[in-house]
Amino acid sequence: MKKITYYVPYIFFIVLTLLAFKSWFSPGILSGSDLNIVYKSSLDLEKLYPFAWDLKRGVGLGEIYAPFLWNYLTQWFPVNLLSGYLGTKWTIIQRILFFYPYLAVALVSSSYLAGKIGISKKYTLLSSGIFILNPYVLMLVGGGQIIVALAYAIAPFILWRFISFINFINEQKEVAAIKNISIYVSYTILLGIAFSVLGLMDIRFIFVILVGMLLYLFLQLILYRISVLKISSIIGLVLLLPGLITVLLHVFWLLPTLMHGENSIGNLGTAYSSADAVKFFSFARLENTISLLHPNWPENIFGKTYFMRAEFLILPILAYSSLLFIPKIKVQKTKNYILFFSLLGLIGAFLAKGANEPLGIIYLWMFEHVPGFNMFRDSTKWYTLVALSYSILIPYSISKIYNWLESKNKFTFKSKFFSLQNLFILLLTSYFLLLISPALLGQLGGTFKTTSVPAEYFRLEKYISNQSEFSRTLWIPTVQRFGYYSSNHPAVSAQDYFKLYDQKILLKELSKNETEELLQHASIKYIIVPFDSEGEIFLEDREYSEDKYTEFVDQVNEISWLSEIEGFGNIKVFELSNSKDHFWSPEEDLGIKYEYINPVTYKMNIADGEKGDQIVFAESFDDKWVASNSDFIIQSSEYETGLISLNSFTLPADGDYELEVYYEPQKWVDIGVVISTASIIIVFGSLIYLKFKK
Amino acid sequence: MKPQDIVLIIILTFLTWKKNPKYFLLSGLSLYSLAIPLFYFQIFFTAERLIWYGFLFLLISVIIFIVDETKG
């Protein structure tokens with residue numbers, strides 16, 4: 001029977017974890033700046049199937065959704081299923097779908113990698129601790145980026161799958177000598193599945209892990225002096241086949257994105273794709289990244305960075321001290337692992353600082369020239385490599401220093417407990433507790449505190465969701481995190497719609513008479529000034545200002561063409577009369593009746609149509625929208641509004657007839673779904689076959 | 001170029017001449033240790049320089065370790 005002291009570290013670790021994540025185990029809603037509340041009425045029940053268009057995106061005026069469908073299986077499918085069909089509450093859904101799996105996967109995955117690398121069992125707890133309790137990931141989950149955090153959580157497992165695959169191939173004398181082909185196929189399939197799962201959570205993490213993989217491959221090729229022929233074969237074996245599996249499983253969104261033929265990130269504008277955007281978002285400096293210190297730690301206020309916290313610099317000192325033991329390591333594999341994780345940590349720290357000095361120009365060059373790198377406008381995703389590295393190196397260094405102290409008899413006290421090595425562990429434990437004290441003392445915000453939704457937000461949700469006709473809400477200056485929206489009532493952020501981020505200038509623009517018509521044409525029926533219950537919209541010196549809110553409401557009240565609807569407490573709701581429907585026409589005599597089928601299909605009946613009549617479809621312009629029947633096909637043309645253009649169809653014939661309005665990239669989604677489903681069946685079928693064959 | 005840069009470049013030159021990865025490593029770790037009090041007392045310019053050069057020393061150290069391994 002094991003001594004009670006054996007369990008002390010485990011109990012200590014569990015207590016620490018529960019303390020840091022206590023809000024996740026308490027009742028109440030978890031909400032962060034990137035995690036909005038999902039009302040049951042806002043769910044699209046048809047969204048158990050992926051659609052290429054989303055009415056809620058694109059500033060609330062609709063946008064192609066195909067390039068973002070990769071998170072459909074991990075996010076919207078299970079949320080729709082649990083909430084829409086099973087009636088599960090959001091507070092439960094967010095925990096069982098996202099928060100608890102994150103914690104479980106991150107713990108298992110990080111200790112799995114550490115164990116496989118050769119970190120002794122009692123130190124794998126430390127690996128997990130570094131991986132789940134570092135400032136970077138605490139800020140990530142605190143801000144509500146829980147799907148990104150899930151990708152982060154699974155990263156150690158995937159990295160190990162790759163490392164073991166390379167090791168397996170390396171152990172074969174010749175590539176052709178891989179006799180047991182079934183083992184090779186199993187490795188390939190598992191790696192392909194692992195990549196695919198990672199991509200379903202956050203496609204950027206495939207790139208992050210790929211950097212780690214290529215680095216390991218590169219080191220192996222150098223250290224084992226492998227021939228060019230074997231190099232080519234290995235690259236083919238370890239990257240192309242798993243890559244092919246990944247592409248096949250992801251074809252349901254890759255195919256429509258490629259066939260649409262436009263750069264989805266480029267379409268978002270220079271705010272997302274320019275080098276200036278990268279510079280703006282490069283908040284972390286090298287001293288932050290090398291210390292695994294998130295620049296917004298601990299308040300997590302976007303853009304608010306702090307002076308460097310000197311105490312965090314002990315982390316890289318501990319991590320890279322592992323290199324001191326290199327000459328004494330007898331097992332070549334362990335030596336290679338230490339060198340690999342050291343290099344990984346340095347590369348990760350360099351990339352995570354983005355465009356900041358030194359040599360920030362390298363990141364900017366990569367952003368503009370390396371395919372796929374333009375997804376890393378926010379460079380902090382590269383912190384993952386530093387976290388992976390330190391979760392191995394720090395436990396390794398500590399274990400070696402502990403053993404060294406233990407071996408030096410002259411330093412050792414006679415007492416069993418009061419020894420120098422135990423003092424070292426005690427000091428380190430105190431140090432780690434000091435580093436993460438804001439998390440342990442409940443000083444972190446976001447999802448680390450439960451919150452409740454003010455009653456007026458539920459009243460607003462009920463009021464709007466009960467209206468069956470399509471209409472939009474315009475939130476000024478922007479949508480609050482508890483604000484209601486759905487496909488039938490998308491929410492438009494005024495500051496994004498007008499591209500005006502100064503609240504005074506925005507109000508001035510809104511007060512203009514011509515704005516009334518602009519909003520009517522965009523099917524906006526309600527103008528809403530949110531109740532800033534979380535203190536993140538009406539700010540003065542980064543603090544909530546009641547005066548600013550009151551002044552704002554007073555100025556909106558002065559707009560003559562708006563009339564206030566009472567009954568929503570601190571949320572101020574104004575109605576805009578004569579707002580247009582989803583489909584409307586400048587021609588008054590034209591009769592239009594339409595039926596919403598799904599986000600990409602509408603049935604429309606035209607009455608008294610005349611050739612040349614124009615029908616406006618109040619979704620942001622995309623020429624892939626077509627209106628058709630058995631006699632003709634009309635492609636969407638641009639209806640200029642002065643801001644975001646809408647779709648319009650010009651009737652080619654007189655009379656009464658039916659039209660189907662359809663978003664064409666959907667057919668590529670449909671084909672992709674068939675290919676992806678067939679691939680899943682083949683891939684899992686092959687795995688089962690190979691398992692039974694053994 | 002500031003005096004800090006000159007001193008650190010001299011150290012870099014000396015270490016490059018020695019080509020010993022352990023020297024680079026110890027220098028890198030020492031620079032980070034030195035940066036701790038400087039950051040604490042908010043002497044940011046020098047502290048930041050120490051971080052940059054420390055990073056370079058650590059990187060060179062790892063590279064030399066790898067090169068040595070290929071020879072071994």
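We name chains A, B, ... by the order of the sequence lines, and we start the count at 1 in each one.
- For B:Leu50, no part lies near chain A; criterion is any non-hydrogen pair under 4.5 Å.
- When the heavy atoms of residues 15-24 of chain B are compared with those of chain A, the residues falling under 4.5 Å are B:Lys22, listed by number.
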Residues A:Ile222, B:Val67; criterion side-chain contact (heavy atoms from CB on, under 4.5 Å); working and verdict: CA-CA 9 Å; A:Ile222 289 180; B:Val67 172; over 6 Å; no
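- The distance from atom NZ of A:Lys335 to atom CG of B:Asp68, rounded to the nearest 0.5 Å, is 9.5 Å.
- Heavy atoms closer than 4.5 Å to chain B are found in both the backbone and the side chain of A:Ser321.
- Within residues 3-13 of chain B, no residue approaches chain A closer than 4.5 Å by heavy atoms.
- By the 6.0 Å contact criterion, CZ on A:Phe424 is enclosed, its count of non-hydrogen atoms from other residues, nucleotides or ligands being greater than 12.
- Heavy-atom contacts from other residues, nucleotides or ligands closer than 6.0 Å to OH of A:Tyr431 number more than 12.
- In this structure, A:Phe307 places its CZ atom where only 12 or fewer heavy-atom neighbours from other residues, nucleotides or ligands lie under 6.0 Å away.
- Residue contact with chain B, scored on non-hydrogen atoms closer than 4.5 Å, is absent for A:Leu359.
- When the salt bridge (charged side-chain N to carboxylate O under 4.0 Å, His left out) test is applied to A:Lys353, no partner is found at least two apart in sequence or on another chain.
- Neither the backbone nor the side chain of B:Ser30 has a heavy atom closer than 4.5 Å to any heavy atom of chain A.
- Scored by the side chain to side chain donor-acceptor pair (under 3.5 Å) test, A:Arg285 finds B:Glu48 as partners (sequence neighbours excluded).
- Rounding to the nearest 0.5 angstrom, the gap separating the CD1 atom in A:Ile326 from the CG atom in B:Leu25 is 9.5 Å.
- Taking each heavy atom of A:Ala310 and B:Phe39 in turn, the nearest pair found is CB-CB, 3.8 Å.
- The residue among A:Ile290, A:Asn336, A:Ile338, A:Ile314 with the most heavy atom pairs within less than 4.5 Å of chain B is A:Ile290.
- Taking OG from A:Ser291 and CD1 from B:Ile51, the interatomic distance works out to 6.0 Å, rounded to the nearest 0.5 Å.
- Using a 4.5 Å cut-off between heavy atoms, A:Leu346 contacts chain B through both its backbone and its side chain.
- Smallest separation of non-hydrogen atoms from B:Val62 and A:Leu339: CG1-O, 4.0 Å.
- No more than 12 heavy-atom neighbours from other residues, nucleotides or ligands sit within 6.0 angstrom of CD1 on A:Ile361.
- Taken to the nearest 0.5 Å, the CG atom of B:Leu29 stands 11.5 Å off from the CG atom of A:Leu313.
- Taking OH from B:Tyr32 and CD from A:Glu287, the interatomic distance works out to 9.0 Å, rounded to the nearest 0.5 Å.
- In this structure, CD1 on A:Ile317 lies 10.0 Å from CG on B:Leu31, to the nearest 0.5 angstrom.
- Both the backbone and the side chain of A:Glu357 come within contact range of chain B, judged by heavy atoms closer than 4.5 Å.
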